[in-house]
J.: 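Please read through the structure below; I'll follow up with questions.
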Amino acid sequence: MTGVHTLPKTTISRAEAFLVDLEVETVRTDAVQAFLKQETVFVELETTDGYVGLGYSYTIGTGGTAVLAMLRDHLLPRLIGADARNVEAIWFDLFASTRATTVGAITSLALASVDTALWDLRCRRADEPLWRLAGGFRQRVPLYDTEGGWLHLTTDQLVAGALESQKAGWPGVKLKVGKPRVHEDLERLSAVRDAVGPALDIMVDANQSMTYAEAKRRARAFEPLDLSWFEEPLPADDLTGHVRLAESTSIPIAVGESMYSISQFREYVAAGAAGIVQVDVARVGGITPWLKVAHLAETFNLEVCPHFLMELHVSLTAAVPNGRYVEHIPQLRAITKSEMEIADGHAVAPDEPGLGIDWDRDAIDDRRVS
């Protein structure tokens, strides 16, 4: 019959959000906090033709219920009746509808839960894995370990962890810094460098704990150790401090895990304050803005080494030509049926259609927060 409008089969007919708490797999401490638990915010979307996409974001202990409320009260109702194929249009509409709370962590984390679900749908419908549909540059990405580098570990434990990673063929390890006195950090880092030799990449992470003056002093002390980067030395909103620090040291400054918008990355990159871009897919608002940040970094000849979420970031880092490293911090094993593949020191992006995460739905349901 002419003149009758029918909804496309890709129309979103159901949108649900729920929260799952995951205990940390090991004790994790840095200069400012401990990783208490992972509050995992899920969004499940279903289209009229029966396709289902599951996306997620996270916090490291607080704010999960606020993200859930943002989704349930404001974002999910806008999705019903939308065409799931129009990922950019949906992201823009949700962002525009939350002007009072953007740019901000809660809104970005909520947007990411929706956006990753939309990309899961997109990949499943195309019968393609995320790493290929998002760009398809390569399937394997070098891996570095953070689990052996936490601040509470002794020097002997740091050395043992680094040697174990090196023996396994991993090309890098990351160590936390920010001990009360510079000689404490230097002694720990020097012991690791002496043990592993010059071939292993060593990164350090201060977790925003330092002033500009202290970060400059420590960077100068660290320079003889040939570090691959100095991560989050200053508070993430201190653009001027990062510019001055980057100019004062030969160690690349890594930033990004605590940035929640494309515009923040633009300002840092344009000012010369970022030597390594560590965009986090959950904190920046999803895969859609993540890719924009990665491509922005590429135009400035900068490498992307995303923060955390290795099960998702392996595919995104593999998708772009300037993806350098995936960070090894396993945290989803309690709710997945299989683990990320590791081969010859590389993380391997999965070939299964969708995000490539093998969720255990029974385990997820058992851990739902009422």
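Residue numbers count from 1 along this sequence.
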J.: Please assess Tyr56 against Asp120 for the test side-chain hydrogen bond (donor to acceptor under 3.5 Å, both in side chains), listing each intermediate value before the final yes or no.
T.: CA-CA 10 Å; Tyr56 73 109; Asp120 193 35; over 6 Å; no
J.: Are any side-chain N or O atoms of Arg125 and backbone N or O atoms of Ala84, one a donor and one an acceptor, separated by less than 3.5 Å?
T.: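 Judged by distance alone, no pair lies under 3.5 Å.
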J.: Tell me every residue that passes ring-ring contact (aromatic ring centres under 6.0 Å, His included) with Tyr212, counting only those two or more places apart in sequence or in another chain.
T.: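 In terms of ring-ring contact (aromatic ring centres under 6.0 Å, His included), with neighbours along the sequence ignored, Tyr212 is linked to no residue.
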J.: Please tell me whether Tyr325 and Trp170 form a close aromatic pair, meaning their ring centres lie under 6.0 Å apart.
T.: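 Ring centres of Trp170 and Tyr325 not closer than 6.0 Å.
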J.: Say whether Leu68 and Val20 are linked into one hydrophobic cluster, either directly or through other cluster members, by side-chain heavy-atom distances under 4.5 angstrom.
T.: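 Yes, same cluster.
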J.: Report the residue from Arg28, Lys37, Glu311, Glu23 that forms a side-chain hydrogen bond (donor to acceptor under 3.5 Å, both in side chains) with Gln331.
T.: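 Testing Gln331 for a side-chain hydrogen bond (donor to acceptor under 3.5 Å, both in side chains) against Arg28, Lys37, Glu311, Glu23 leaves exactly one candidate, Arg28.
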J.: Closer than 4.0 angstrom, basic N to acidic O: yes or no for Glu147 and Lys174?
T.: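 The answer is no: the pair does not qualify as a salt bridge.
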J.: Check this for me: does any side-chain nitrogen of one of Arg78 and Asp93 sit under 4.0 Å from a carboxylate oxygen of the other?
T.: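 A salt bridge links Arg78 with Asp93.
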J.: Please name the residue in the list Val67, Thr59, Leu22, Val369 that meets the side-chain contact (heavy atoms from CB on, under 4.5 Å) test with Glu39.
T.: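 Exactly one pass, corresponding to Thr59.
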J.: Classify the ring geometry between Phe18 and Phe42 as parallel (under 30°), tilted (30 to 60°) or perpendicular (over 60°).
T.: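 Judged by the thresholds at 30° and 60°, the geometry between Phe18 and Phe42 is parallel.
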J.: Return yes when atom CG of Asn301 has more than 12 non-hydrogen atoms of other residues, nucleotides or ligands closer than 6.0 Å, and no otherwise.
T.: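 No - once you tally the heavy atoms of other residues, nucleotides and ligands closer than 6.0 Å, there are 12 at most.
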J.: Out of Gln278, Lys176, His307, which residue meets the side-chain hydrogen bond (donor to acceptor under 3.5 Å, both in side chains) rule with Asp205?
T.: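 Answer to the side-chain hydrogen bond (donor to acceptor under 3.5 Å, both in side chains) test with Asp205 among Gln278, Lys176, His307: Lys176.
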